[in-house]
Amino acid sequence: MAEEKRFKRTLVTTALPYANGPVHIGHLAGVYVPADIYARYLRLKGEEVLLVGGSDEHGVPVTIRARKEGCTVQDVVDRYHNLIKKSFEDFGISFDVYSRTTSETHSKLASGFFKKLNDEGKFIQMESEQYYDEEAKEFLTDRNIRGECPRCHAADAYGDQCEKCGSTLSPDELINPYNAVTGNKLVKRRTNHWYLPLDQYQEWLERWILEEHKEWRSNVYGQCKSWLDSGLKPRAVTRDLNWGIPVPVEGAEGKVLYVWFDAPIGYISNTKELLPDTWEKWWKDPETRMLHFIGKDNIVFHCIVFPTMLKAHGEYNLPDNVPSNEFLNLEGDKISTSRNWAVWLHEYLEQIPDKQDVLRYVLTANAPETKDNDFTWKDYQARNNNELVAIYGNFVNRAIVLTHKYFEGKVPARHELTDGDRATLAEFAEVKKQVESLLDVFRFRDAQKEAMNLARIGNKYLADNEPWKLAKSDMKRVETIMNISLQIAANLAIVFEPFLPFSSAKLRMMLNIDKVEWSMLGNMDLLEDGHATRTPELLFEKIEDSVIEAQMQRLENIRKANDIDNYKPKAVLPDVDFETFEKIDIRVGKVLDCQKVPKADKLLMFKIDDGMGGRTIVSGIAKYYNPEDLIGKEVCFIANFPPRKLKGVESQGMILSAMDADGALKVVTPSAEVKPGSSVC
RNA sequence: GCCGAGUUAGCUCAGCUGGUUAGAGCGCAUGAUUCAUAAUCAUGAGGUCCCCAGUUCAAUCCUGGGACUCGGUACCA
C-alpha cells in the first residue's frame with residue numbers, strides 16, 4: 001500500500017489500564033488483543049515496531065481505595081500494576097515495554113512536558129471555587145467529595161456521580177458535602193488552576209480530523225465530529241491533590257497534574273524507559289507511524305485532547321490512526337467492575353488453565369469492531385469445539401498422524417502435481433493476500449476468519465484426495481499428498497502466529513521448525529524432504545459442558561448476589577434534631593395532571609391539587625412511569641422548597657419517591673386517600 | 001431533547017462510490033466418508049436487507065420522517 005511506504009516504523013500504544021482493579025475480557029477484546037495481533041504481524045514482516053503499554057496509577061479512585069483499605073496508595077497501585085502486568089504476560093500480549101505512571105522517568109517527562117507548555121504560554125490560568133477540608137488542609141476532587149444526592153437522596157453520592165440513581169452531578173449540588181476520606185465537613189475556597197485551551201485548537205482539529213483523517217473508523221470519526229461541532233472548551237490540567245505528579249511551577253504546592261494529562265504522556269515515558277537513547281525517533285521522526293489502540297470511552301482523549309497536547313508541545317508526531325473498538329458485553333449485560341460482572345483474566349487462567357489462545361481466538365472472532373458485541377460462554381465453547389478443535393486442530397492432527405503412520409514421521413517427497421494440487425496451492429496465495437489486506441486496515445475479526453480458511457482448505461484437500469485409500473495402491477501419490485498437507489500445516493503455524501502465538505509455538509514444535517517469517521507464508525517448501533516431525537499432540541482440546549456450566553453458574557451466582565434478595569439498606573444518616581425535621585413541610589397532594597417535560601428525558605411535570613390552589617412540580621422520574629398512570633394518585637411532596645426553573649418550567653416543590661434496590665423510583669402514596677394538602681408528620 | 005454509532009438468514013456478522021438469483025461462519029437438514037479429538041467433505045432449507053414516504057430506468061446502499069438498541073451530552077429541589 002502506498003500509505004505504508006510513507007513510514008519506516010510503527011509505534012503501537014495501548015490504552016493504559018487503571019491500576020484500581022484487575023483487567024477483564026473487555027479490555028483484552030477491545031484493546032490488547034488487537035494491538036498485539038497487529039504488532040506481532042508487523043514484527044513477523046520484519047518491520048520496526050514497538051508495542052507500548054503501562055498502568056495508569058494516578059487519579060483519585062486509587063487514593064480512596066488506599067484509605068479504605070488502610071494501606072498506602074503505592075501499595076494499591078503496586079498490587080494492581082503487578083496483577084495486570086502478569087495477566088498481559090500470561091495472555092501473550094507482546095509488549096516491548098509495560099511500565100507505569102509512577103515511574104521516575106514518567107514523572108520527569110510529564111513534568112517537563114507541562115513546564116514547556118507553561119513556559120511558552122500554552123495554558124491559561126483561571127480561578128474557581130472548590131471544596132476544601134480545613135482540618136486536613138486539602139482541596140477535594142469531585143470524586144473525593146461525597147454527600148447526599150440531591151436527586152435520590154442517597155447518603156453517599158460522589159461529587160461527579162450518584163451510583164444509586166446514576167445521575168451525573170457536580171460537587172456543588174451535593175447536600176452536606178463531606179470529605180469521602182476523613183468525613184470532615186467542607187467549605188468553599190478559591191483556587192487557581194491551569195487549563196488547556198482546546199477552543200484555540202478547534203480549527204486546527206477540524207482540519208486535521210475531519211478533512212485529513214476521513215479514513216478513521218466511522219465510530220471514531222463520528223464522535224470527534226460530534227465534539228467538534230458542539231464547540232471545545234478549555235479543560236483543566238491540574239488538580240488540588242497530593243497523589244500525582246506535582247505541578248512544576250513555583251507556588252503550585254499541593255497541586256498535581258490532572259490524571260488524564262499525565263496518563264497519555266505515559267506512552268512517551270514508557271518508550272523512553274525502554275530506549276533511553278533512541279526513544280525520540282519513535283516520537284519525533286515523521287517517518288514513525290503512531291497508532292493508538294483504545295476502547296470507545298477513550299476516543300475524545302486520544303483524538304482531541306492528547307493530539308492537542310502534542311501539537312501544543314510542537315515536537316511530537318500525531319497519531320496516524322486511532323482504531324477504537326466498541327464495548328464487549330457479557331452474557332447480555334454490560335461488563336461492570338463494581339458489580340463484579342466480568343470475566344477476570346487472572347481468574348480465567350486459574351479456572352481454565354492454558355487456554356489463553358482459546359480466549360484470544362473467541363475475542364477476536366467476536367470482537368466489537370463496529371458495534372457492541374456479546375460474549376457468551378456457549379459461543380466460547382462452540383468456537384473452540386467447532387472451529388479450533390474441529391477445523392484447525394483436527395487438520396493438523398490428521399496430517400501429522402498420517403505422516404507417522406505411512407512415513408515414520410518424515411516429510412515425504414513431492415512428485416508430479418495434479419490440477420487439484422495446483423488449485424489448492426493457488427488458494428493459498430490468495431489467503432495470504434486476504435489476511436494482509438484485512439490486517440492492514442485493522443479488520444482483525446475477518447483476518448482471523450481468513451486464516452482459518454487455510455485450515456479448511458487443508459481439510460478439503462485431504463477429503464478430496466483420500467490418501468488413506470491410495471495408501472493401498474499408489475504410495476507415490478500419497479507422498480505428494482502428505483507433503484502438501486504438511487506444508488499447509490506449516491503455513492498455518494505462520495498465519496496464526498499473530499493471533500494464536502501459543503498454539504503456533506506448539507505446532508512449530510510438532511513440526512520441528514523454529515523461526516518463521518511472514519514472507520514465508522504461501523511457501524510450499526517450508527519443510528524439506530525427509531525432515532522429521534515429532535509425535536503429534538492435540539493442538540486444542542474439546543471443552544466439556546461441565547466447564548461451561550461452571551462458568552455460567554458463576555455468573556448466575558453473581559447475578560443473584562447483585563439482586564434484590566441481597567439488597568442491604570444503606571447506612572443511616574447522622575442524627576438530626578426534631579426542629580430540623582419540623583422545618584420540612586411534607587404534604588399530600590392529588591395529581592391532577594402529569595406529562596412529560598418537552599426536550600427532557602427524565603422530567604415529568606405534575607399539576608398537583610395541594611388544597612391551596614394547586615401547584616406545579618417537576619420530578620425526574622420519567623424513566624419509571626407513564627405519565628397517565630400517575631393521574632389521580634395521591635403523592636407526597638415537599639411544600640416549602642424555594643421554586644426552581646427546570647427546562648423552562650418552574651417547579652414548586654419536590655415529589656418524594658422511594659428508591660428500589662435496582663434504583664427504580666416509586667412515588668410515595670398514603671395508604672388511604674386523604675384530603676389534598678394534608679401534612680405528613 | 002441534542003449529537004454520534006447501529007438495526008441484514010435461528011445466532012454472530014460482511015456487504016466498496018445504488019445495477020441481473022443479498023453473502024460468510026456457526027446452528028439445522030440430507031448425503032458422502034472413516035486418516036482424524038463422533039472430527040471432516042458435499043449439497044440444501046432459511047431473509048418484507050427495522051417501518052413509511054420520496055429521488056431514480058433501478059435503492060439494503062441516496063433524501064426526509066418514524067421506531068428500537070448502545071454511547072456521549074443537557075434536564076432529575
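Side chains are part of it too, since the values below use all heavy atoms of this structure and drop only hydrogens, waters and symmetry mates.
Straight-line distance from the NZ atom of A:Lys623 to the P atom of B:rU69: 12 Å, rounded to whole Å. Rounding to whole angstrom units, CD of residue A:Gln223 and P of B:rA5 are separated by 10 Å. Atom P of nucleotide B:rU37 and atom CG of A:Leu388 are separated by 17 Å, given to the nearest angstrom. A straight line from CZ of A:Phe444 to P of B:rU12 spans 23 Å, rounded to a whole angstrom. Taking atom NZ of A:Lys296 as the reference point, atom P of B:rG72 lies 8 Å away to the nearest angstrom.
Classification of the A:Phe442-A:Phe444 ring pair by plane angle, with boundaries at 30° and 60°, yields tilted. Ring geometry for A:His302 versus A:His292: interplanar angle over 60°, hence perpendicular rather than tilted (30 to 60°). A:Trp260 and A:Tyr258 have tilted rings, their planes meeting at an angle from 30° to 60° on a 0 to 90° scale.
Residue contacts shown for A:Val300 are absent, as no nucleic acid heavy atom lies under 4.0 Å away. Using a 4.0 Å heavy-atom criterion, one finds that A:Arg217 contacts no nucleic acid atom at all. Among the heavy atoms of the strands, none lies under 4.0 Å from A:Glu369. Looking at heavy-atom distances under 4.0 Å, A:Leu402 makes contact with a base. Looking at heavy-atom distances under 4.0 Å, A:Asn459 makes contact with sugar-phosphate atoms alone, never a base. Using a 4.0 Å heavy-atom criterion, one finds that A:Lys405 contacts the sugar-phosphate atoms exclusively. Residue contacts shown for A:Phe540 include a base, since a base heavy atom lies under 4.0 Å away. Backbone-only contact: A:Ala463 has heavy atoms under 4.0 Å from sugar-phosphate atoms and none from a base. Backbone-only engagement by A:Ala390 is indicated by non-hydrogen atom pairs under 4.0 Å involving sugar-phosphate atoms exclusively. Looking at heavy-atom distances under 4.0 Å, A:Leu539 makes contact with a base. A:Asn366 comes within 4.0 angstrom of sugar-phosphate atoms only, judged by non-hydrogen atoms across all strands, and of no base.
Across the C1' atoms, B:rC16 and B:rC62 are found 15 Å apart, a figure rounded to whole Å. Distance noted for atom P between B:rA67 and B:rG46: 34 Å (whole Å). B:rU60 sits 31 Å from B:rU73 when the C1' atoms are compared, rounded to a whole Å. Taking atom C1' in both B:rU33 and B:rU69, the straight-line distance is 46 Å, to the nearest Å. Nucleotides B:rC57 and B:rA14, compared at atom P, are 33 Å apart to the nearest Å. Only the P atoms considered, B:rG44 is 10 Å distant from B:rA24, to the nearest whole Å. Here, B:rC2 and B:rG19 have their P atoms 32 Å apart, quoted to the whole Å. Only the C1' atoms considered, B:rA32 is 16 Å distant from B:rA38, to the nearest whole Å.
Of the candidate nucleotides B:rU40, B:rG72, B:rA14, B:rA14 has the atom nearest to the side chain of A:Asp446. When distances run from any side-chain atom of A:Asn394 to the nucleotides B:rG72, B:rC26, B:rA39, the shortest one goes to B:rA39. When the nucleotides B:rC76, B:rA24, B:rA5 are ranked by their closest atom to the side chain of A:Lys449, B:rA24 comes out on top. In the set B:rC75, B:rU12, B:rU40, the nucleotide with an atom closest to the side chain of A:Lys602 is B:rC75. Distances were taken from every side-chain heavy atom of A:Arg398 (C-beta onward) to each of B:rU37, B:rU34, B:rU40; the shortest belongs to B:rU40. The listed nucleotides are B:rA5, B:rA14, B:rC35; the one nearest the side chain of A:Val401 is B:rC35. Of the candidates B:rA39, B:rC3, B:rA5, the closest approach to any side-chain atom of A:Lys542 belongs to B:rA39. Closest to the A:Asn397 side chain, of the nucleotides B:rU37, B:rC41, B:rU12, is B:rU37. The A:Glu466 side chain lies nearest to B:rU33 when the options are B:rU33, B:rU37, B:rC3. Set against B:rU40, B:rA5, B:rC75, the side chain of A:Leu646 has B:rC75 as its closest nucleotide.
Under the side chain to side chain contact (heavy atoms under 4.5 Å, CB included) rule, A:Leu232 has a single partner from A:Val305, A:Leu205, A:Thr308, which is A:Leu205. Here the options are A:Phe540, A:Phe502, A:Tyr392, A:Phe395, the test is ring-ring contact (aromatic ring centres under 6.0 Å, His included), and the partner is A:Phe496; only A:Tyr392 passes.
At least one side-chain nitrogen or oxygen of A:Asn386 sits closer than 4.0 Å to the OP1 or OP2 atom of B:rG27. Contact between the side-chain N/O atoms of A:Ser218 and the OP1/OP2 oxygens of B:rG6 is found at a separation under 4.0 Å. Taking 4.0 angstrom as the limit, A:Lys460 places a side-chain polar atom (N or O) nearer than this to OP1 or OP2 of B:rA42.
Nearest-nucleotide assignment on RNA chain B puts the 5′-proximal partner with A:Val389, out of A:Phe327 and A:Val389. When each of A:Tyr406 and A:Arg445 is assigned the nucleotide of RNA chain B bearing its nearest heavy atom, the one mapping closer to the 5' terminus is A:Arg445.
Side chain of A:Arg587 to backbone of A:Ser679: no donor-acceptor contact under 3.5 angstrom is found. A donor-acceptor pair is defined here as one N or O able to donate and one able to accept, closer than 3.5 Å; no such pair exists between the side chain of A:Gln595 and the backbone of A:Met605.
Base pairing of B:rU40 is made with B:rA32, judged by Watson-Crick or G-U wobble geometry with both donor-acceptor distances under 3.5 Å. Across all strands shown, B:rG54 pairs with B:rC62; the Watson-Crick or G-U wobble distances both stay below 3.5 Å. Look at B:rC76: it lacks any Watson-Crick or wobble partner with both distances under 3.5 angstrom. In this structure, B:rC11 and B:rG25 make a Watson-Crick or G-U wobble pair, each of the two defining distances being under 3.5 angstrom. Judged by Watson-Crick or G-U wobble contacts below 3.5 Å, the nucleotide B:rU17 has no partner. Pairing for B:rG47 is absent, judged as Watson-Crick or G-U wobble with the two contacts each under 3.5 Å. Across all strands shown, B:rG4 is found opposite B:rC70 as a Watson-Crick or G-U wobble partner, with both distances under 3.5 Å.
For the pair A:Asp199 and A:Arg235, the salt-bridge criterion is not met [side-chain N within less than 4.0 Å of a carboxylate O].
Considering only heavy atoms from C-beta on, A:Leu603 stays 4.5 Å or farther from A:Ser619 through its side chain.
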